[in-house]
Amino acid sequence: MHKNQISGMNISKEKVLKALSTVEDPDLKKDLVTLGMIQDLEIISDQKISFKVVLTTPACPLKELIRINCEEAIKKAFGEELEAEILMTSNVTTIRNDAVMLPNVKNIIAIASGKGGVGKSTCSSNLAVALAKSGAKVGLIDADISGPSVPTMFNVEGEQPAIKQVDGKNIIVPIEQYGVKLMSIGFLTPAENAVVWRGPMASSALKQFIGDVDWGELDYLLIDLPPGTSDIHLTMVQTLPVTGAVIVTTPQKVALADATKALTMFQQPQINVPILGVVENMAYFTPAELPDNKYYIFGQGGGRKLSEKYDVTYLGEIPLVQGIRESGDSGYPAVMKEGIMAEAFGNFAEGVARQVAIRNAGASKTEVVQVKG
């Protein structure tokens, strides 16, 4: 009876697409059909259809909600008997289709803070690993020339990148660890040697990390910037069209004041790099023996207030637990373990990926900053 009922409805691709056009991407505020997210639709029989939903990032936090909404739309249009085989996949969006520099890198994300000691490199490293765990292709440039910490955090201290010849030019092959391609000045200088470089030399190193490294195809290239606002920040925005910046702060008043400077630097009219959001690190202390307790030892709500003041997204708070320090020292990022740290960094990564997708769907592309003499 049901079979005849369905076959009598004469299922067609047009009717299926019409049903799916009622399903909206919650972030992009348009339906999946208009967004081109429904692909490879097949009518297998009068009782079964199949199609792909191509999300804007593998780190999409709404993946399951979108799948359920698709199933419900099909059942509403064709009845409970029609089986829908839905493959959830992804293709990270980009607005860098005509890029000259790093043409195969879809999104370049700057990670910045106003002051040192706020855990910016910890956030950068765990963000990179979390995105890679979701299935994205990720690279990380450690641009903190005077205090490179990425080699330690990824347990690749003492390793040196290989060099290969491409068209008569020496190209550096990045070191790969935990699914992330890495480049750091720490790979090129002994750990015990102080690197004392003037601004132009540091900027030159960053340019080399951008132009002379075989990054290949990447969905996200993260640039872990030094604290403050310096030559390196200007070099980055003059060399690359940056998709957006993430600002890392801690709850203390002095950290928030410095984070404000970093945020407003990117928002200056001549730079105009979109702010993807603010993340508050060391937001509260949770002792291992009392995992449900939160002690706001540095103050509370500062990062959220900063994001509200400047009308940017609040990407959440990262707790302060002993395990994160141990993870950084042992070179095994916290997001790879179980527990509240992995959950916090996972949510942070989903938030960043989400903001990149929203930014790419709605905003004009970032232009490289032109220096006027």
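In what follows, residues are counted from 1 in the order of the sequence shown. Values below: every heavy atom of this structure, side chains too, minus hydrogens, waters and symmetry copies.
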Should R96 and L102 count as side-chain neighbours, where that means a heavy-atom distance under 4.5 Å? yes
Taking all atoms of both residues into account, what is the closest heavy-atom pair of I175 and P161, and its distance? CD1-N, 3.8 Å
Applying a strict under-4.5 Å side-chain criterion to I, L, V, M, F, W and Y, I'd like to know whether L65 and V53 cluster together. yes
Stepwise, does the side chain to side chain contact (heavy atoms under 4.5 Å, CB included) test hold for L221 with W215? CA-CA 9 Å; L221 175 60; W215 289 109; 4.1 Å; yes
For T22, the side chain to side chain contact (heavy atoms under 4.5 Å, CB included) test, sequence neighbours excluded, returns A73
Hey, does the side chain of K63 reach the backbone of M88 with a donor-acceptor pair shorter than 3.5 angstrom? no
So which heavy atom on A245 is nearest to which on V273, and how close? N-CG1, 4.0 Å
Walk me through it: do I223 and L240 pass the test side chain to side chain contact (heavy atoms under 4.5 Å, CB included)? CA-CA 11 Å; I223 303 181; L240 290 170; 4.0 Å; yes
Is there a side-chain contact between S125 and L140 (heavy atoms, below 4.5 Å)? yes
Under 4.5 Å between side-chain heavy atoms, hopping through other hydrophobics if needed: is there a path connecting I68 to L28? no
Please identify each residue that fulfils side-chain hydrogen bond (donor to acceptor under 3.5 Å, both in side chains) with E64, with sequence neighbours left out. R67
Residues E157 and T152: side-chain donor-acceptor under 3.5 angstrom: yes
Do the side chains of K181 and V213 get nearer than 4.5 Å, heavy atoms only? no
Could I get the full list of side chain to side chain contact (heavy atoms under 4.5 Å, CB included) partners for K133, not counting sequence neighbours? V129
Any F187 side-chain heavy atom under 4.5 Å of D142 side chain: no
Give me the atom names and distance for the closest heavy-atom approach of C123 to N281. SG-CG, 4.0 Å
Going through the checks in order, is the side chain to side chain contact (heavy atoms under 4.5 Å, CB included) test met by F154 and S184? CA-CA 11 Å; F154 279 82; S184 169; over 6 Å; no
Would you say that I66 contacts P26 through its side chain, given a criterion of any heavy-atom pair below 4.5 Å between the two side chains? yes
Can E280 and R304 be said to form a side chain to side chain contact (heavy atoms under 4.5 Å, CB included), step by step? CA-CA 8 Å; E280 186 176 272; R304 188 180 291 279; over 6 Å; no
Under a 3.5 Å distance rule, please check whether D25 uses its side chain to pair with a backbone N or O of K30 as donor and acceptor. no
Donor-acceptor contacts under 3.5 Å from residues 33-41 side chains, at least two apart:
from: T34; atom 1: OG1; to: D31; atom 2: OD1; distance (Å): 3.3
from: T34; atom 1: OG1; to: D31; atom 2: OD2; distance (Å): 2.5
from: Q39; atom 1: NE2; to: G36; atom 2: O; distance (Å): 3.3
from: D40; atom 1: OD2; to: K52; atom 2: NZ; distance (Å): 3.1

So I95 and R359, do their side chains get closer than 4.5 Å, heavy atoms only? yes
Is any side-chain heavy atom of I318 closer than 4.5 Å to one of N126? no
With a sphere of 6.0 Å drawn around NZ of K75, does it hold more than 12 non-hydrogen atoms of other residues, nucleotides or ligands? yes
Does M101 belong to the same Ile/Leu/Val/Met/Phe/Trp/Tyr cluster as V105, with side-chain heavy atoms less than 4.5 Å apart forming each link? yes
I need the minimum non-hydrogen distance between P319 and I340, along with the two atoms involved. CG-CD1, 4.1 Å
Listing, residues 165-173 side-chain donor-acceptor contacts under 3.5 Å, not counting sequence neighbours, or none:
from: Q165; atom 1: NE2; to: N170; atom 2: OD1; distance (Å): 2.4
from: K169; atom 1: NZ; to: D212; atom 2: OD1; distance (Å): 3.0

Separation between CZ of F51 and CG of L87, rounded to the nearest 0.5 Å: 10.0 Å
Quiz: residues 54-62 side-chain donor-acceptor pairs under 3.5 angstrom, not counting sequence neighbours:
from: T57; atom 1: OG1; to: A59; atom 2: N; distance (Å): 3.0
from: T57; atom 1: OG1; to: Y220; atom 2: OH; distance (Å): 2.9

Distance, nearest 0.5 Å, that separates CG of L315 from CZ of R354: 10.5 Å
Out of curiosity, L218 CG to T94 OG1, how far, rounded to the nearest 0.5 Å? 11.5 Å
Can you confirm whether E343 is buried at CD, in the sense that more than 12 heavy atoms of other residues, nucleotides or ligands lie under 6.0 Å from that atom? no
Would you compute the distance between atom CG of L20 and atom NZ of K15 and round it to the nearest 0.5 angstrom? 14.5 Å
Where do I86 and C70 come nearest, in terms of heavy atoms and distance? CD1-CB, 3.9 Å
As an exercise, state the distance from CG of L127 to CG of L222, rounded to the nearest 0.5 Å. 5.0 Å
Minimal heavy-atom distance between G316 and V279, with the atoms involved, is O-CG2, 3.5 Å
Using 0.5 Å steps for rounding, measure from the CD1 atom of I74 to the CD atom of E72. 11.5 Å
Note, N107 side chain near N360 side chain (heavy atom, < 4.5 Å): yes
Side-chain heavy atoms nearer than 4.5 Å, only ILVMFWY residues, links allowed to pass through others: does that put I43 and L32 together? yes
